[in-house]
A.B. asks: 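So that we are looking at the same thing, I have put the structure below in structure tokens.
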Amino acid sequence: MGDAPVEIRRVEMGGLPVVRLSTKAGKGWLRLVITPGQTDKPVQALRLVMRIDGNGANFSVKPFIVETHLKTGRRAELPGTPGKRVQLKPGEWHDLSGAFHCMPFPDGRRAHFVVDLPQGVDVLLADVSVDGFDAEVAPEAETELRAKRAVPLADFGVRKVENLAKWLEAPAVFGSSIEKFEGRLRGWALTRAETLYWTDNIDGPRHPFKPAERVETIDRITLTHGFDFPLEPAPPESFSIMILNAEGAREPVWPKTSLVSQTYTIPVPKKSKMPRDRQEHIVLLWGPISTSGLTIQLEQVAEILKRNKFNFRISYHTSPLKDHPLAKHWVDPVDIDQPKMTIFFERFVEFDRGFDETFKVFYMNLDWLSRPTLSTAKVFANVVLCPTPYRQEELTETFRNSKVVHLPWPSKFSPKETFERKRDDKRIRVLYVGNDYDESSRKHPFAVIEAIEKLERDDIVFDLKFRSTLPAVVRNSLLSNPRVDKLIDKPTSHDVIAKLYDDADVNLIPNACEGNGLSILESWASGTIPAVLDGHPMTDVTSPENSFRIDAIQNGQKEYAPLYETDSDRICRFLNELDTSVVDEKMAAVAAMRDDLVKRETDLEHAIVSCAMMSGIRTKGLRLRVEHAHMAIKGEDWKPRSGNRVKKLMFSDDSWHPFRKEPDLVDVMMTTSKRPWCLRESFKMLLESIHSSPYRHRLMLAVDTLDEETMGVIAAHASEIDHVVWTGSQHGLPYLWNSMLDLVKNITCRTEEKPDYVCYIQDDCLIRDPSKYFSTMVGIAREAMPGYLGYVSAYFTEVHPGFADFEWNGERVVASDTVDGKNFMATPEVLASVGRLPWWFDDGSRRGNPGPHRGSHFDLWQWKESPNSLLNQNRISLVLPDLCEHIAQTSEESTWKNDTTDSNVKQRIAENRIYVTREY
């Protein structure tokens, strides 16, 4: 083979021609690049029939699609098609197939398939098939698909191949999607086969069907390889089904099976439901339900939510383990619908319904913090939880839009009441918990086992735990070693793992990198001393008193965590230097940590509950509490009552303050329409307020029907305006408001700076004292519980009387369910939860310009018919009556021909034509 990383030979196996790729041993991947077949087709499909020979329980391959620059040869992964590892058993043939929909690539670029292969193995290829298929994209989906460039129609799946010759004779099926619904089988299959067959028994009859109908996928892509036919006789609610590509086939092409089972039980899908009109009081946990990864942290948070009676759902880009206790909380990503709060583990993704309005918490895991994840999270996350202090200053600067909190994480094992002396005077018990026995494991299993073999001490005994079966020669060698007391190389129960920790004196954790250090925490909770590599963030989590350090060298980076490398000599040196007296000293230091470990549990619960409260989510008790605070004394006099209860509800609890971001940026919107005299006066006071403000601002001006005088006002202050939206003819305030909301979001994405608040003011609303306008508005918003707060407004009219009065920092405050639309301020999340203008009601009438049937367009947010009105959200708006006044009171001055003079307001009150949304 020489210096080449791979040797390619044609060989014959069982009378069939096969290509053998012999890869050289080394770290990382060997990349196989495959050119698609019909490059003019939007759907590109690939099938590999392959086998891997080598030492190992399983081997990972990673197939995906990339964009290639034909001139430079540079390849880039596409945002909509992240590669996923697929596990193959050694010595067995597998069908690995998948398909992608690609939008047209720019000139000089094209798609290529890439398959990352392990090194130090023989890869046998019996077939490499590529094909292209036609498809149509719905017009409304084109923009999104162009941004993603390519999306998976069928993720790469594995099928075990028993009879290679017969498998290769049958037509390839590159991908499929199948479901049973109301007695029918429907879906699609990308294949050149004219006929496929279904059966519920591999020894039973085959039923032919033709995949030739038009069908639309969830990405609004229409294929011509669909089917939809009745299952006769009607089957039971669930049944095992297989799809075959030949009548005499004995191996199914669907489903994408695991390496153990060749059948699959099709669940009955829920009937699709219409999206909700309002946010649901649930927490969404975005994280994996699997055997490893961040499932432990997800389980810890789920227990807290259960204990505090918060409803929650779980979703992720990979399917959950079906027998996991949390699987009942699973929701498909396409069915995520307006959660109040979302906690993102590992990845940070945007979903279709409710992402803008949900309160977003991001759990920071350094070794999974990819650049795509970072680019989204740093713009939209409200709170970022960092379990380690490593690089926190850098991360705080990166996440300027968020509150970054260092939250030392608790162990999944509750700390023991007492830590008894476990080690006898003769031996030190060392625990090693590994993953798989292969080169890709970050736990250095080869080096650990070699060190155990080389160790010359007889007073150290080892307990070894692996996730999968060891190679026979390795297993037999360990079993014959007198220093190995326990060897477990299969999945086992939580209790067994806990017992291993309890019995150990030292936990050997030579992990190449760490994002959190759960093994360290589990060690401490069990009274065991962790032995970690001497590098970050391990040394940031531990101290020399409560841990051992193993010599290592930095050898690269895994996302935002350093990668370290050690070897058997370094591990053996550490083991040989272990001293019983030092072990006793460090055990005492670990025992002294119990109070801190208990505090970590309470701190995590406090963090989760505080963030839930800030999001506005309600448990039953919280909902009753808010309603009680809203209750007013009934009687003929409708004037607001004392607001002490509301004030206490909104301001007395400061436990959530550690998770509050200090406000910095306030976006300001002003609208005007053919009232240059009005704009000139109010705009001047607004600019003075911005100059006097302790905060940063981006000023946006929207002009409905731009005229020359208004243009003159704008020109005089052009250098102080960040954005101007104007129309040549009248479109109405709802149009301008919706345009401004879109503008704020676009600016946020472009600048990567999200405003803490968005303040809206109309041209007829005059700020009285610019020196305190923003400090007062933002000040009260900053102090009020965000989960209960709706809008903060500086304009008060008796037409919106509110339901309670109180004093805050010397200012009169009116608590109300409605505010006048001339001025209000809220967080971007609250504005998104209320929604856009205008609303459509059950009577089919569209409210808003060119003239409402009931109230003005901003008032429409506040009626009970509006599903997301602040009243329906159980939020309270706070009005500061003394900060602004109205300067266009006569009907001639009003764009709506409304008379808001004192005499007319008094008449409205006398006629009871006021905004009252609660009973008095």
Side-chain angles (χ1 to χ4, degrees), residues 29 31-39 41-52 59-68 75-89 93-103 105 110-118 123 125-135 145 148-161 167-168 170-179 187-193 196 211 215 217-219 221 223 225-226 243 245 251-259 264 317-319 333:
W29 301 86
R31 181 156 286 186
L32 175 65
V33 180
I34 302 168
T35 302
Q38 304 182 50
T39 56
K41 302 290 187 181
V43 175
Q44 298 294 330
L46 168 69
R47 181 183 80 161
L48 300 174
V49 180
M50 63 187 300
R51 190 178 94 184
I52 297 181
F59 291 102
S60 294
V61 299
K62 181 181 175 183
F64 55 105
I65 196 168
V66 299
E67 179 185 77
T68 302
R75 297 184 176 91
E77 295 189 28
L78 300 172
T81 60
K84 300 176 184 178
R85 295 186 183 185
V86 178
Q87 297 288 319
L88 305 182
K89 280 190 175 180
W93 287 101
H94 303 91
D95 179 302
L96 179 65
S97 54
F100 297 86
H101 180 277
C102 302
M103 298 300 285
F105 286 87
R110 66 180 298 179
H112 279 96
F113 289 108
V114 168
V115 184
D116 285 343
L117 302 171
V123 179
L125 297 174
D127 179 63
V128 179
S129 297
V130 291
D131 208 340
F133 298 86
D134 289 316
L145 291 178
K148 294 180 178 179
R149 307 297 285 276
V151 294
L153 284 176
D155 285 328
F156 277 92
V158 178
R159 306 172 185 88
K160 184 178 176 181
V161 176
W167 188 267
L168 296 176
V173 176
F174 297 95
S176 57
S177 174
I178 298 172
E179 66 174 3
W188 51 266
L190 293 174
T191 179
R192 295 299 175 188
L196 296 177
V215 63
T217 70
I218 60 173
D219 290 305
I221 299 169
L223 305 172
H225 296 78
I243 305 297
N245 55 354
E251 299 174 58
V253 296
W254 190 91
K256 301 172 183 177
T257 61
S258 68
L259 301 182
Y264 182 75
H317 68 89
T318 57
S319 298

A.B. asks: Can you tell me how far apart CZ (Arg75) and CZ (Arg110) are? Round to the nearest 0.5 Å.
C.D. replies: 10.5 Å
A.B. asks: Between Gly132 and Arg192, which heavy-atom pair has the shortest distance, and what is it?
C.D. replies: O-NH2, 2.6 Å
A.B. asks: Looking at every heavy atom in both Val161 and His94, which two are closest together, and how far apart are they?
C.D. replies: CG2-C, 3.9 Å
A.B. asks: Mind checking whether Ile221 and Val151 have side chains closer than 4.5 Å, heavy atoms only?
C.D. replies: yes
A.B. asks: What is the distance from atom CG of Leu190 to atom NE2 of His101, rounded to the nearest 0.5 Å?
C.D. replies: 11.0 Å
A.B. asks: By side-chain hydrogen bond (donor to acceptor under 3.5 Å, both in side chains), which residues pair with Trp167, not counting sequence neighbours?
C.D. replies: Asp95
A.B. asks: Within a strict 4.5 Å, meaning less than it, do heavy atoms of the Ile52 and Val61 side chains meet?
C.D. replies: yes
A.B. asks: Is any side-chain heavy atom of Val86 closer than 4.5 Å to one of Leu96?
C.D. replies: yes
A.B. asks: Supply the atom-to-atom distance Met50 CE to Asp127 CG, rounded to the nearest 0.5 angstrom.
C.D. replies: 12.0 Å
A.B. asks: Does any non-hydrogen side-chain atom of Gln87 lie less than 4.5 Å from one of Ser60?
C.D. replies: yes
A.B. asks: Side chains of Phe100 and Arg149, heavy atoms from C-beta outward: is any pair under 4.5 Å?
C.D. replies: no
A.B. asks: Rounded at 0.5 Å granularity, tell me how far CD1 in Ile34 sits from NE2 in His112.
C.D. replies: 10.0 Å
A.B. asks: According to side chain to side chain contact (heavy atoms under 4.5 Å, CB included), who are the partners of Ser177, at least two apart in sequence or on a separate chain?
C.D. replies: Trp188
A.B. asks: Between Thr68 and Phe105, does the side-chain contact (heavy atoms from CB on, under 4.5 Å) criterion hold? Intermediate values first, please.
C.D. replies: CA-CA 10 Å; Thr68 302; Phe105 286 87; over 6 Å; no
A.B. asks: Just verifying a value: how many Å separate Leu153 CG and Phe174 CZ, rounded to the nearest 0.5 Å?
C.D. replies: 13.0 Å
A.B. asks: Answer yes or no: is there a side-chain heavy-atom contact under 4.5 Å between Asp116 and Phe64?
C.D. replies: yes
A.B. asks: Would you say the side chain of Glu67 lies within less than 4.5 Å of the side chain of Cys102, judging by non-hydrogen atoms?
C.D. replies: no
A.B. asks: Check whether any side-chain heavy atom of Pro211 lies under 4.5 Å from a side-chain heavy atom of Thr191, and answer yes or no.
C.D. replies: yes
A.B. asks: Rounded to the nearest 0.5 Å, what separation is found between the CZ atom of Arg51 and the CH2 atom of Trp93?
C.D. replies: 5.5 Å
A.B. asks: Any idea which heavy atoms bring Ala45 and Phe133 closest together, and the distance?
C.D. replies: CB-CE1, 3.9 Å
A.B. asks: On a heavy-atom basis, which atom in Val114 and which in Val33 lie closest, and how many Å separate them?
C.D. replies: CG2-CG2, 4.3 Å
A.B. asks: Could you report the tightest heavy-atom contact between Ala135 and Val43, atom names first, then the distance?
C.D. replies: CB-CG2, 3.7 Å
A.B. asks: Looking at Pro171, is its backbone amide N or carbonyl O close enough to the side chain of Asn245 to form a donor-acceptor pair, meaning the two atoms are under 3.5 Å apart?
C.D. replies: yes
